[in-house]
Amino acid sequence: MKTDHDGFPIAFELTGGEAADSPMFEALIDAGPDDPPRAVVCDKGYDSDANRAMARDRGAVPIIPYRSNRKTIPVRFAAALYRGRARIEQMMGKLKRFKRVALHCEKTARNFRSIGALAAAFILIKSVHTA
């Protein structure tokens, strides 16, 4: 899932349950509007030198925590910016409030992608039309 600074959905990609997160990094960083991101906030699943270099090539600051088994771990980490990742987790929580998304009722990827997009659209509409 790719969200903006406020936690609203921009784009998402589906993978199998056994697939790793890291290979989807390029698809997610390129998805969405043409405005390039200034920072890329991810979890440890995206920790690789290639992903960090890819983010820097696109002009974004990679804010990805290092795995504990890396040989060289820098001393400094932008923990204050990493706290913004909570918005992504909150967005996933909002998506899982939709029963068909949470229970994976749809069997095909096309149908599940459609339900996910519809749920994301409802979340966006609700954010605009609040009383």
Side-chain angles (χ1 to χ4, degrees):
M1 171 69 66
K2 181 178 182 178
T3 65
D4 64 359
H5 185 271
D6 296 322
F8 296 122
I10 294 175
F12 65 93
E13 289 289 329
L14 293 182
T15 61
E18 73 286 348
D21 293 337
S22 192
M24 296 307 299
F25 185 79
E26 185 174 9
L28 284 174
I29 200 169
D30 291 335
D34 293 335
D35 190 23
R38 290 181 280 165
V40 177
V41 182
C42 303
D43 61 359
K44 288 183 182 182
Y46 294 93
D47 176 31
S48 73
D49 293 331
N51 287 347
R52 292 175 197 281
M54 193 181 314
R56 287 186 186 105
D57 290 343
R58 287 167 173 76
V61 177
I63 304 170
I64 306 169
Y66 294 90
R67 291 185 180 149
S68 59
N69 62 354
R70 283 183 68 109
K71 292 183 181 180
T72 57
I73 299 175
V75 178
R76 300 192 187 277
F77 180 70
L81 292 175
Y82 185 69
R83 286 187 208 110
R85 198 177 82 76
R87 291 186 180 106
I88 299 170
E89 296 298 330
Q90 291 163 358
M91 175 62 207
M92 294 305 293
K94 288 178 187 177
L95 274 177
K96 290 179 181 180
R97 289 181 193 155
F98 291 87
K99 190 173 185 178
R100 294 186 78 85
V101 174
L103 298 178
H104 299 277
C105 292
E106 305 303 324
K107 299 301 179 197
T108 63
R110 185 189 78 180
N111 290 352
F112 189 72
R113 187 178 295 115
S114 300
I115 291 295
L118 183 64
F122 284 147
I123 292 169
L124 281 173
I125 291 169
K126 185 177 179 184
S127 71
V128 174
H129 294 287
T130 56

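Please read these numbers as outputs of a predicted model, since none were measured by experiment. What's counted below: heavy atoms across the whole structure, side chains too, no hydrogens, waters or symmetry copies.
Linking Ile, Leu, Val, Met, Phe, Trp and Tyr residues whenever their side-chain heavy atoms come within less than 4.5 Å leaves L124 and I10 in two separate clusters. Hydrophobic clustering of Ile, Leu, Val, Met, Phe, Trp and Tyr side chains at less than 4.5 Å, counting indirect connections, unites M92 with F122. Under the 4.5 Å side-chain heavy-atom criterion for grouping Ile, Leu, Val, Met, Phe, Trp and Tyr, M1 is connected to L118 within one hydrophobic cluster. In the hydrophobic cluster analysis, where Ile, Leu, Val, Met, Phe, Trp and Tyr join through side-chain heavy atoms closer than 4.5 angstrom, F98 is grouped together with F12. Y82 and V61 end up in the same hydrophobic cluster when Ile, Leu, Val, Met, Phe, Trp and Tyr side chains are linked at under 4.5 Å.
The structure places CZ of R100 at 8.5 Å from CG of N111, a figure rounded to the nearest 0.5 Å. We find the CE-CG distance between M91 and D6 to be 12.5 Å, quoted to the nearest 0.5 Å. We find the CZ-OH distance between R52 and Y46 to be 13.5 Å, quoted to the nearest 0.5 Å. A distance of 4.5 Å separates CD of E106 from CD1 of I115, quoted to the nearest 0.5 Å.
Nearest heavy-atom pair across V40 and A60 is CG2-CB, 3.6 Å. Across all their heavy atoms, L14 and A109 have their closest contact at CD1-O, 3.4 Å.
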Without placing hydrogens or testing angles, list every side-chain donor-acceptor pair under 3.5 Å for residues 62-77, not counting sequence neighbours.
from: R67; atom 1: NE; to: K44; atom 2: O; distance (Å): 3.2
from: R67; atom 1: NH2; to: K44; atom 2: O; distance (Å): 3.3
from: R67; atom 1: NH2; to: G45; atom 2: O; distance (Å): 3.3
from: R70; atom 1: NH1; to: D47; atom 2: OD1; distance (Å): 3.0
from: R70; atom 1: NH2; to: D49; atom 2: OD1; distance (Å): 2.6

Mind listing the side-chain donor-acceptor pairs of residues 20-33 below 3.5 Å, one per line with the distance, residues two or more places apart or on another chain?
from: S22; atom 1: OG; to: N51; atom 2: ND2; distance (Å): 2.8
from: D30; atom 1: OD1; to: R58; atom 2: NE; distance (Å): 2.7
from: D30; atom 1: OD1; to: R58; atom 2: NH2; distance (Å): 3.3
from: D30; atom 1: OD2; to: R58; atom 2: NH2; distance (Å): 3.1

